[in-house]
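To keep things clear, I will list the structure first and then write my remarks on it.
Predicted model only: the values in this text are computed from it and were never measured.
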Amino acid sequence: MENFTPYASLAGGLLIGVSATLLLMAGRLAGISGILAGLIPFDSKDSLWRILFIVGLIVGAGLYPALGGDMSAMNINPYGLSETAHTALLILAGLLVGIGTYVGAGCTSGHGICGIGRLSVRSIIATVTFVGVAALTVFILRLIVGG
């Protein structure tokens, strides 16, 4: 496994766990799709924490390299696709994730972090499905397509 960063991964996992626990203590689940979906329609009473959560995600990602985090190993175009093909693939992937999130009644963070923590059978099945499909995708891309 290349580019494995156990301490950074542990720190990230702990921060995700703490934030999910804090939200759970407030009666909320830390599922990004649910947090985003809760903004439609906009309800000023319930939207502030959702907006702050999303802003925190974006700001945190921006702060990581600004605070000295190494982003050099991150390559979002590992197959060297053209800009047009890469953009089209990202849009298609985003749509598929959105459809999967809708069909699965939640996303990886909601099912994987909060759902499994609550011993939800539905979340365990959903997470096993996510991981299985991801493994199959990597298998196809690396061993069949040759990426």
Original post:
Checking His111 side chain against Ile125 main chain: does a donor-acceptor pair fall under 3.5 Å?
Top reply: no
Original post:
Can you tell me how far the CG atom of Leu96 sits from the CG atom of Leu92, to the nearest 0.5 Å?
Top reply: 4.5 Å
Original post:
Are Val133 and Val128 in one and the same hydrophobic cluster, where Ile, Leu, Val, Met, Phe, Trp and Tyr link if side-chain heavy atoms are under 4.5 Å apart?
Top reply: no
Original post:
Taking all non-hydrogen atoms of both residues, which atom of Arg50 and which atom of Gly34 are closest, and how far apart?
Top reply: NH1-O, 3.0 Å
Original post:
Looking at CG of Leu52 and CD1 of Ile35, how far apart are the two atoms once the value is rounded to the nearest 0.5 Å?
Top reply: 11.0 Å
Subject >> Thr108 side chain reached by Val97 side chain, heavy atoms, under 4.5 Å >> reply: no
Subject >> Between CD1 on residue Ile113 and SG on residue Cys107, distance to nearest 0.5 Å >> reply: 8.0 Å
Subject >> Exercise: identify the closest heavy-atom pair between Ala30 and Cys114 >> reply: N-SG, 3.3 Å
**OP:** Run the numbers on Asp46 and Leu39 for side chain to side chain contact (heavy atoms under 4.5 Å, CB included), then give the verdict.
**Re:** CA-CA 8 Å; Asp46 192 48; Leu39 289 172; over 6 Å; no
**OP:** Find out if a path of hydrophobic residues (ILVMFWY) with successive side-chain heavy-atom gaps under 4.5 Å connects Ile51 to Val59.
**Re:** yes
Original post:
Would Ile32 end up clustered with Trp49 when hydrophobic side chains under 4.5 Å apart are linked, directly or stepwise?
Top reply: yes
Subject >> Nearest-0.5 Å distance, CZ of residue Phe53 to CG of residue Leu36 >> reply: 10.0 Å
Original post:
Can Val103 be reached from Leu95 by stepping across I, L, V, M, F, W or Y side chains whose heavy atoms are under 4.5 Å apart?
Top reply: no
Subject >> Within-4.5 Å side-chain heavy-atom neighbours: Leu29 and Leu23 >> reply: no
Original post:
So if you build clusters from Ile, Leu, Val, Met, Phe, Trp, Tyr with side-chain heavy-atom gaps below 4.5 Å, do Ile144 and Leu136 land together?
Top reply: yes
Original post:
Can you find a heavy atom in the side chain of Arg28 that is under 4.5 Å from one in the side chain of Leu22?
Top reply: no
Original post:
Is a side-chain donor or acceptor of Thr127 paired with a backbone partner of Ile124 at a separation under 3.5 angstrom?
Top reply: no
Subject >> Evaluation steps, side chain to side chain contact (heavy atoms under 4.5 Å, CB included), between Glu83 and Asn77 >> reply: CA-CA 9 Å; Glu83 189 70 28; Asn77 188 4; 5.8 Å; no
